Amino acid sequence: MNDILNTTVHRLIKGLNNKEFSSREITEAYCENIRRVDGDIGAYITKCTESACQRSSTIQRNGNSLFQGIPIAIKDNFCTKSIRTTCGSRMLDGHIPVYDADAVKSVLKEGMIILGKTNMDEFGMGDSGENSAFFKTKNPIDKTYSPGGSSSGSAAAVASRQAPIAIGSDTGGSIRLPSSFCGTVGLKPSYGRISRRGLISFAPSLDCCGIISKDVLDSSILLSALSGYHGDMTCTKSEFTVSSDVDNGIRGMTVAIPKSIEKIVYDPDILLVFENLKRILEKNGAKIIEFDLFDSDASVAAYYVICCSEAASNLARFDCIRFGNKPKEYNSLDEIYVNGRSEYFGNEVKKRIMLGNYSLSYGYGREYYSNAVNFKNKLFEYYRGIFASCHAIMLPVSPSHPFLTNEKRTSLEKFKNDRFNIIANLGGFPSISLPCGRHKSGMPISLQFMGNTFDESTILRIAKNVEGELK
Amino acid sequence: MTNKYEAVIGLEVHIELNTKTKIFCGCKREYGAPPNTNVCPICLGHPGALPLLNKKAVTYAVMAGTAMGCNINSVCRMARKHYFYPDLPKGYQISQSTLPICTGGKLTIHTETGDKDIDLIRIHIEEDAGKLIHRDDYTLIDHNRCGSPLIEIVSSPCISNSKEAVLYLQGLRTLMTSIGISTCKMNEGEMRCDVNVSVKKKGDTINGTRCEIKNLNSIQFVGKAIDYEIKRQIKELENGGVIKEQTLGFDEKSSACFIMREKESAADYRYINEPDIPPFYISREAVSEIKANMPELPNEKMKRYMAKYSLSHYDSSVISSNKGLSDYFDRTAKHTEHYKTLANLLLGEYKRLSTDEDFFCPIPVENTADLCCLVFNQKLNSSNAKKIAYMMWNEGKKPRDIMIEHKMEQINDEGALIIFAKEAIDKSPKLLSDYKNGKKQAAKAIMGAAMGKSGGNANPKKLELIVENLLKELTSEN
């Protein structure tokens, strides 16, 4: 097997078991490619290639775990003990956590080898990678385009063969959107499926740990390994296992699609791909029904009020006193806070903190926050009602063509672009985005399958079926 | 206080719970540990760390609420209270806002004029902040205390004066220590009190502007601070001034309040429900079980002492309000029937000998019971009983042994007593003539001398009577 870099994780596992190649060969192939390619792509903030190669040469595959000896890339908002963790921010430029995130613990328990920490929009705030305090990750498919965000580095790493699989986080589409732009599979599990302990919080009622991979099977088997570990009270104790009927096809299933989608999807190529997928689903025996999206504009507004408010709350701990960088100059306690936070937070982060605090302050925008929370609950009930008559909902991921690296977009334009993705975040539903076609430009187009709470099995089954069809 | 005015006082009391570990992490709670040794990413507020709610803390809060007749909410939520301060690592305190564990309830205090119910508004749980240690040029932060579990008990503003406030605090302390959820050592910061004080003309329905007094670290100072503040506010109003809403501290040396800061506007803590801790449920079965397992409450104890042991109201209330005392009493009462004697002993000599705020006695209960027997049966006078108690406390011997060894057995025989009395009178002719001349207090001195003749072992009541009779006889002889 000479094309290790183009191989899925499940094929690598088979190869390791058959002794076609060793963990060392796999890891060295990826590390070599990182050296060759990452100066250009900028997927990694911190590379661990040396220790990775060292580890891979000592690891003995003993059948204790599936993933033993398989390398992986980790988004830089997951705490990795003794390995720099920056969240894409200057505030945490030199921060070295004293503990591993639960997701990282699971990865290490499996015997996986960490290749490095990937680039991201600062603290998860952004959809393009341009909000990283360090550098902008490029889209490996076409470097003039943004790779999407906030898990820009993880998606770019998998797409550019710098990692066979990666972990990311999804608060408002941060796994699914970059996966779409980079042509990878992006899985956002249910809220509460994978423990968030050690995932540096952006919006704790929305944040999800997730997986970016080459194919659907890879993400399903890694999901089993990551689920059920808990230092997190919002995480379910039950573990996820890949269902035995994941390959049984979709005959008799019902998939719901939004009515009048052409009114809210701006790009004709995406509409074509959507139509094509409808045909595939029907051809394979699924029934298609239509439903109304639940107040899409209000959903976007509610999402941003909630995530900004929670972000303002979570980022209050960055006071430059216990960890993180100290401001260069200060003459009082207040100045430590003000100077430090002004210096080390990027503009997008500052903007969202201000919006968030505004939305929580009495006499200012306090009603926005309580209305948003009420709306979130209503949205959840509404979609639970939809799921009573269907197995999954098919949605676009991006309503528009991937944007150029330095494309000028207003905040509102950026926010509205998330309208399909935020539904799964607000409702806590699992969703998997899957490459389904291409724009005329050659840039990839993904669609997503969103399922009922904790029903990853169904969306994986549908996605696998469609993926097989599209090969 | 001018009779025109009445004071409206409310207390917010924070009590540190006696759990082994902190409220959101497994770090130990340990007073006096070296700084920053009982810490972890959770209580230090490190990025990515998530809170794990300590079930014991919730149980203890339910116990506190049950002991005071509160309503225990079925659905509770934690909330984030945001403000920036160096002793608050996360930039927010995890507390409770709209769905606290307990609402309502009351604590009954026993004042000189009768019982009064102090109504409560709520009890909720929250985490403690760290400790700041100020030096000349810099400030150090010790995070050992950060994340310790607290309950906050908010009273309604129905307290009228400092005496009531003091009784309320003493009552809270007694109750919390007796149910075992805290040791309430105010000097170690285990119980802290903020006081809200305002005054208004008697009969006015609208309350005056209130001031908050913080950082009071003894019950006594709470009383003094309230007295000072009421006086100050009345004086201000009488002079035609206005009360400004202020936060005050109390200076112990001058017994006066000082301004900490002006309150321009109420702080906006930007409360949100804590997203990392889902709503938690307290079932009615859990509440019943907690109620059934509650230790005997002080008020119940007091009633028991009056009913079962026929102790006086006063004796019952004092013993029942101190866990150490009541424990010792209950254990000793198994070995003796002389309850009144026992109570006197405990509240007298034993209490004096115990230097702990929490009563502790090294004397085995059987020995104490024996001492009670000796006293009750007139084998020992009270002065010797005290001496023996002291010796038992420090030496661990049995009372009878001490009594025999030191020849302390009480002399009750009237014949013998008459001899002592006569000897004393004979030896002090001046005292006798003083007595005859109308100085009746000379009898006391003669009594003392007679007691001395007996080696301190005379039955004092009998001896007093005998001395009196003798003196009367001698006086009338003339």
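Not measured: the values here are computed from a predicted model.
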Partner chain A: residue of [options] with the largest heavy-atom pair count (under 4.5 Å):
{"options": "B:L44, B:I272, B:I42", "result": "B:I272"}
{"options": "B:P51, B:P89, B:G45", "result": "B:P89"}
{"options": "B:P41, B:G91, B:P47, B:A49", "result": "B:P47"}
{"options": "B:I277, B:L88, B:L50", "result": "B:L50"}

#### Entry: Selection from A:C79, A:P97, A:G231 maximising heavy-atom pairs under 4.5 Å formed with chain B
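Ranked by heavy-atom pairs under 4.5 Å with chain B, first place is A:G231.
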### Task
Below 4.5 Å from any heavy atom of chain A, which atoms of B:P86 appear? Answer side chain, backbone, both or neither.
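Contact with chain A involves both backbone and side-chain atoms of B:P86.
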### Message
Please classify the contact between B:I141 and chain A as side chain, backbone, both or neither, with a heavy-atom cut-off of under 4.5 Å.
### Response
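Only the side chain of B:I141 comes within 4.5 Å of chain A.
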[X] versus chain B, heavy atoms under 4.5 Å apart: side chain, backbone, both or neither?
{"X": "A:F78", "answer": "neither"}
{"X": "A:L206", "answer": "neither"}
{"X": "A:L199", "answer": "backbone"}

#### Entry: Pairs flagged by salt bridge (charged side-chain N to carboxylate O under 4.0 Å, His left out) wherever residues 93-102 of chain B is involved - sequence neighbours left out
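Listed once each, the pairs would be none.
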### Task
Could I get the full list of salt bridge (charged side-chain N to carboxylate O under 4.0 Å, His left out) partners for A:D170, not counting sequence neighbours?
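Salt bridge (charged side-chain N to carboxylate O under 4.0 Å, His left out) list for A:D170, sorted by chain: A:R176.
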### Query
Can you list the residues that meet the side chain to side chain contact (heavy atoms under 4.5 Å, CB included) rule with B:A61, with sequence neighbours excluded?
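If we apply the side chain to side chain contact (heavy atoms under 4.5 Å, CB included) test to B:A61, skipping adjacent residues, the hits are B:I101, B:I125, B:I151.
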### Query
Should the heavy atoms of other residues, nucleotides or ligands under 6.0 Å from NZ of A:K351 be counted, would the total exceed 12?
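Yes, enclosed.
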Donor and acceptor N/O pairs, chain A versus chain B, under 3.5 angstrom:
residue : atom : partner : partner atom : Å
A:Y99   : OH   : B:P47   : O            : 2.8
A:Y99   : OH   : B:G48   : O            : 3.3
A:Y99   : OH   : B:A49   : N            : 3.0
A:R196  : NH1  : B:D276  : OD1          : 3.2
A:R196  : NH2  : B:D276  : OD1          : 2.9
A:G198  : N    : B:G48   : O            : 2.7
A:S313  : OG   : B:R80   : NH1          : 2.7
A:S313  : OG   : B:H82   : NE2          : 2.7
A:N314  : OD1  : B:R80   : NH1          : 2.8
A:N314  : OD1  : B:R80   : NH2          : 3.4
A:R317  : N    : B:K90   : O            : 3.2
A:R317  : NH1  : B:G45   : O            : 3.2
A:R317  : NH1  : B:H46   : O            : 3.2
A:R317  : NH2  : B:Y92   : OH           : 2.9
A:R322  : NH1  : B:P86   : O            : 3.0
A:R322  : NH1  : B:H143  : NE2          : 2.9
A:Y337  : OH   : B:Y85   : N            : 3.4
A:N357  : OD1  : B:R270  : NE           : 3.0
A:Y362  : N    : B:D268  : OD2          : 2.8
A:R366  : NH1  : B:Y271  : O            : 2.9
A:R366  : NH2  : B:Y271  : O            : 2.6

### Query
Side chains of B:L53 and A:M233: closer than 4.5 Å at any heavy-atom pair?
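Heavy-atom side-chain distance check passes, below 4.5 Å.
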